[in-house]
Structure formats: structure tokens, C-alpha cells
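The structure appears below as C-alpha cells.
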Amino acid sequence: MKRPLLILLLALLMVSMDRIGEPWAAPPEADRMKDPMVDDPKAAMRGGKVFRSLCWTCHGMEGHGDGPNATVLKVRPADLGSASVQRQSNGALYWKITHGRGEMASYEQVLSREDRWALAHYIRTLAQP
């Protein structure tokens, strides 16, 4: 009788710790990365194409974190237009897209370096007023 209760408590603890989580911060060196697309006026357009082919399923078409796959994830995807995301440098966004964390996959082997930088530029277009 005590063992099932202990297992239940451990499972609840694991679920609650997973939801609390720590804020996802890129390492400081990510902020110092040189953005190779900073002067490319088509970067955001290119990133939008990538976003609409891969990212929308979790982040939603408007980037609010409400895509169709978001309901099955343990942690809700980030609202990419939120102030907390928009405050991050392009290097930090690029780093997160590249390395991923938890249910957010790493796209280092999936997308070219240019496409990952372009995504960072597209995320800027999702800023909420």
C-alpha cells in the first residue's frame, strides 16, 4: 500500500518539476556571435519560409506557442512575439534553434546555418506591440 503511494508522489513531483523548469538562457557567448545576415533585407522572408515549413506545428502560425502539436508537449512552446523572447539577441535565438532543449529539437543537422540565422530574423517580425 505504501509503495504505490510513493510511486504516485514521485511521479507527481517529476511532473511538477518539469513544468516549473528553469528559464532557458543561451550562454553569454551567444550574444557575441556575429550575425551574418544583419544587412540582408531578405533574411526575415527566408526565415518565414522555414518557420512555415517546420516551426508552426508547435509555435503556431502566428508564433504564439499554440500550434497543433503544442497540446501534446509537456512544456508549452514559447510565444515568440513575447517580450521575453524579443529581448534576446539574434545570437541567443540562433543558439537555441541550433542546440534545442528538451522537447525543442536541435536544428543544427536539419537546417543550414543561414536558415537558422534567417529564423532569428523572422522571429523579430512576430513581436507583439
> How are the rings of Tyr122 and Phe51 set relative to one another: parallel (under 30°), tilted (30 to 60°) or perpendicular (over 60°)?
Replying inline: tilted
> Is there side-chain contact between His59 and Asp79, with at least one heavy-atom pair below 4.5 Å?
Replying inline: no
> Among all residues two or more places apart in sequence or in another chain, which pass the side-chain hydrogen bond (donor to acceptor under 3.5 Å, both in side chains) test with Ser82?
Replying inline: Ser84
>> So, taking the atom named SG in Cys55 and the one named CE in Met61, what distance separates them when rounded to the nearest 0.5 Å?
In response: 11.0 Å
>> Using every non-hydrogen atom in the two residues, find where Gly63 and Leu126 come nearest and quote the distance to one decimal.
In response: CA-CD1, 4.1 Å
> If you round to the nearest 0.5 Å, how far is CE of Met33 from OG of Ser89?
Replying inline: 9.0 Å
> Do Arg116 and Ser112 come within less than 4.5 Å of each other through their side chains, counting heavy atoms only?
Replying inline: no
>> Please say yes or no: joined through hydrophobic side-chain contacts below 4.5 Å, possibly via intermediate residues, are Ile97 and Val110 part of one cluster?
In response: yes
> Are any of the side-chain heavy atoms of Leu111 and Thr98 separated by less than 4.5 Å?
Replying inline: no
> Just wondering, are more than 12 heavy atoms of other shown residues or ligands nearer than 6.0 Å to CD in Glu62?
Replying inline: no
>> Would you say that Gln128 contacts His64 through its side chain, given a criterion of any heavy-atom pair below 4.5 Å between the two side chains?
In response: yes
> Taking atom CH2 of Trp95 and atom CD of Glu29, what is their separation to the nearest 0.5 Å?
Replying inline: 8.5 Å
> Between atom CZ of Arg46 and atom CG of Asp115, what is the distance when rounded to the nearest 0.5 Å?
Replying inline: 4.5 Å
> If you measure from CE on Met104 to NZ on Lys96, what distance do you get to the nearest 0.5 Å?
Replying inline: 9.5 Å
>> Please give me the minimum heavy-atom distance between Asp66 and Gly60, naming the atom from each residue.
In response: OD1-CA, 3.6 Å
>> Assess the residue pair Ile123 and Gln86 against the criterion (side-chain contact (heavy atoms from CB on, under 4.5 Å)); give the C-alpha distance rounded to whole Å, side-chain angles, the decisive distance to 0.1 Å, and a yes or no.
In response: CA-CA 8 Å; Ile123 290 170; Gln86 294 296 319; 3.7 Å; yes
>> Side chains of Arg113 and Tyr94, heavy atoms from C-beta outward: is any pair under 4.5 Å?
In response: yes
> Which atoms form the tightest heavy-atom contact between Ala70 and Gly65, and what is the distance?
Replying inline: CB-O, 3.5 Å
>> Does either side chain, that of Gln88 or that of Asp31, offer a donor lying less than 3.5 Å from an acceptor on the other one?
In response: no
> Could you give all pairs that pass the side chain to side chain donor-acceptor pair (under 3.5 Å) test and reach residues 34-43, with sequence neighbours left out?
Replying inline: Asp35-Asn90, Asp35-His121
> What pair of heavy atoms forms the shortest contact from Ala118 to Ala43, and how long is it?
Replying inline: CB-O, 3.4 Å
> Is there side-chain contact between Leu80 and Leu93, with heavy atoms separated by less than 4.5 Å?
Replying inline: no
>> Can you tell me how far apart CG (Asn69) and OG1 (Thr57) are? Round to the nearest 0.5 Å.
In response: 4.5 Å
> Are Leu54 and Leu119 close enough, and set up right, to give a side-chain contact (heavy atoms from CB on, under 4.5 Å), and what steps lead you there?
Replying inline: CA-CA 11 Å; Leu54 292 174; Leu119 266 174; over 6 Å; no
